[in-house]
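What follows is a single structure, written as structure tokens, with notes after it.
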There are 2 protein chains.
Amino acid sequence: MVELHTHEIDTVFHALSDATRRHMLQELTQGERTVGQLAEPHAMSLAAASKHIKVLESAGLVRREIQGRTHLCRLDPGPLATVHEWLSFYERFWSGRLDALERLLKENDARKTATERDTKLPPSKPGNDT
Amino acid sequence: MVELHTHEIDTVFHALSDATRRHMLQELTQGERTVGQLAEPHAMSLAAASKHIKVLESAGLVRREIQGRTHLCRLDPGPLATVHEWLSFYERFWSGRLDALERLLKENDARKTATERDTKLPPSKPGNDT
DNA sequence: CGCACATTCAACCACATGGTTGAATTACAC
DNA sequence: GTGTAATTCAACCATGTGGTTGAATGTGCG
């Protein structure tokens, strides 16, 4: 459970860490685009853009359909949903209940309960990729 | 507007693209931790762990309070909220309306291929950090 | 004071990343 | 078939990343 889809999350976050690639994703929200179309707005060679697209593809964010000599790319939002959900685990830390939560954690910490039910986050659900 | 907090998003996504760092973040949800405590579970030198923490720090995900010879780290969830929000833009692509949306896009595509392709979409709206 | 502890710094290394250019591949169009 | 368009491949380069080790810094302690 811990270390479940770690590598997927690695590659997705890495793919998203580049502005060029994020821009390509945004472009793909408008519909399918060819490699050339995705490359065009960016001041770089086609080969460079092609590499970026390949990064997005290996992260599962983009699917490609080869149509004759052109490659049509479309957005696959699945991995975005995955990391969005991953991030949601931290939501309570930035939403209002933060202070209350912090107190709670400190309490547990100090008390050092034997009941690991609330001490340890259940490696059940989210955030537990790593 | 476009390219607003691009660099912040870059660094946050990059910080999140490493399992060691994600694990440290998760650990910090339990409360403050020293550098040594954060390093301990990971099979690497203290110096290496220290670098990871610095990456988290420069991404704004961790704040550090120096207390004598120990450095206390605490989670700062703000940047997580930022990228979570960034990802939310894509939510509609993975939630229910996806199929309808896809059909819509295909329609446009088929109908007015040339028109749509060459009329660049206005770099108008959202998700437009980059 | 003098030593041990917590952490960083500096130098180094292997490998990945993001970019380039020029040639190769493949498909369409005449 | 020849030529051209869309894309990738391969080699190369500069820089970044993640790790190491050993020395340096600074603090707490007897």
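Numbers restart at 1 for each chain; the letters A, B, ... are given by sequence-line order, proteins then strands. Note that the structure is a prediction, hence the values are computed from the model and not measured.
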_Just the rounded figure in Å: distance from P of D:dT7 to CD of A:Glu65._
13 Å
*Partner of A:His84 under ring pair (Phe, Tyr, Trp, His ring centres under 6.0 Å), chosen from B:Trp86, B:Trp94, B:Tyr90, B:Phe93*: B:Trp94
*Quick one: are B:Leu87 and A:Leu87 in side-chain contact, heavy atoms under 4.5 Å?*
yes
*Using a cut-off of 4.0 Å on non-hydrogen atoms, how would the nucleic acid contact of B:Ser45 be classed: base, sugar-phosphate, or nothing?*
base
*asked:* Classify A:Lys54 by what it touches in the nucleic acid, base, sugar-phosphate, or nothing, heavy-atom distance under 4.0 Å.
replied: sugar-phosphate
*Please check if any side-chain donor atom of B:His71 sits under 3.5 Å from a side-chain acceptor atom of B:Thr34, or the reverse.*
no
*How about A:Ile53 and A:Cys73: do any of their side-chain heavy atoms sit closer than 4.5 Å?*
yes
*Out of D:dG19, D:dA6, C:dT20, which nucleotide sits closest to the side chain of A:Ala47?*
C:dT20
*asked:* Could you tell me how far apart A:Arg33 (CZ) and D:dT7 (C1') are, to the nearest whole angstrom?
replied: 18 Å
*asked:* I need the NE2-C1' distance between A:His14 and D:dG18, as an integer number of Å.
replied: 13 Å
*Between P of D:dT25 and NE2 of B:His71, the distance in whole Å*: 15 Å
*Check the distance between D:dT21's P and B:Met44's CE and give it to me in whole angstrom.*
13 Å
*Pairwise 5' ranking along DNA chain C for A:Arg69 and A:Ala48, keeping only the more 5' one*: A:Ala48
*Closest nucleotide of DNA chain C for B:Ile53 versus for A:Val55: which of these residues is on the 5' side?*
B:Ile53
*Return the value, rounded to whole Å, for the distance between atom CG of A:Leu16 and atom P of C:dT17.*
15 Å
_Value in whole Å for how far the P atom of C:dA27 lies from CG of A:Leu72_ = 15 Å
*Nearest to the side chain of A:Lys51, which nucleotide is it out of C:dG18, D:dA6, D:dG19?*
C:dG18
*For atom NE2 of A:His52 and atom P of C:dT20, their distance in whole Å*: 9 Å
*Please check if any side-chain donor atom of B:His23 sits under 3.5 Å from a side-chain acceptor atom of B:His42, or the reverse.*
yes
*Is A:Arg21 near enough to C:dG18 that one of its side-chain N or O atoms lies under 4.0 angstrom from OP1 or OP2?*
yes
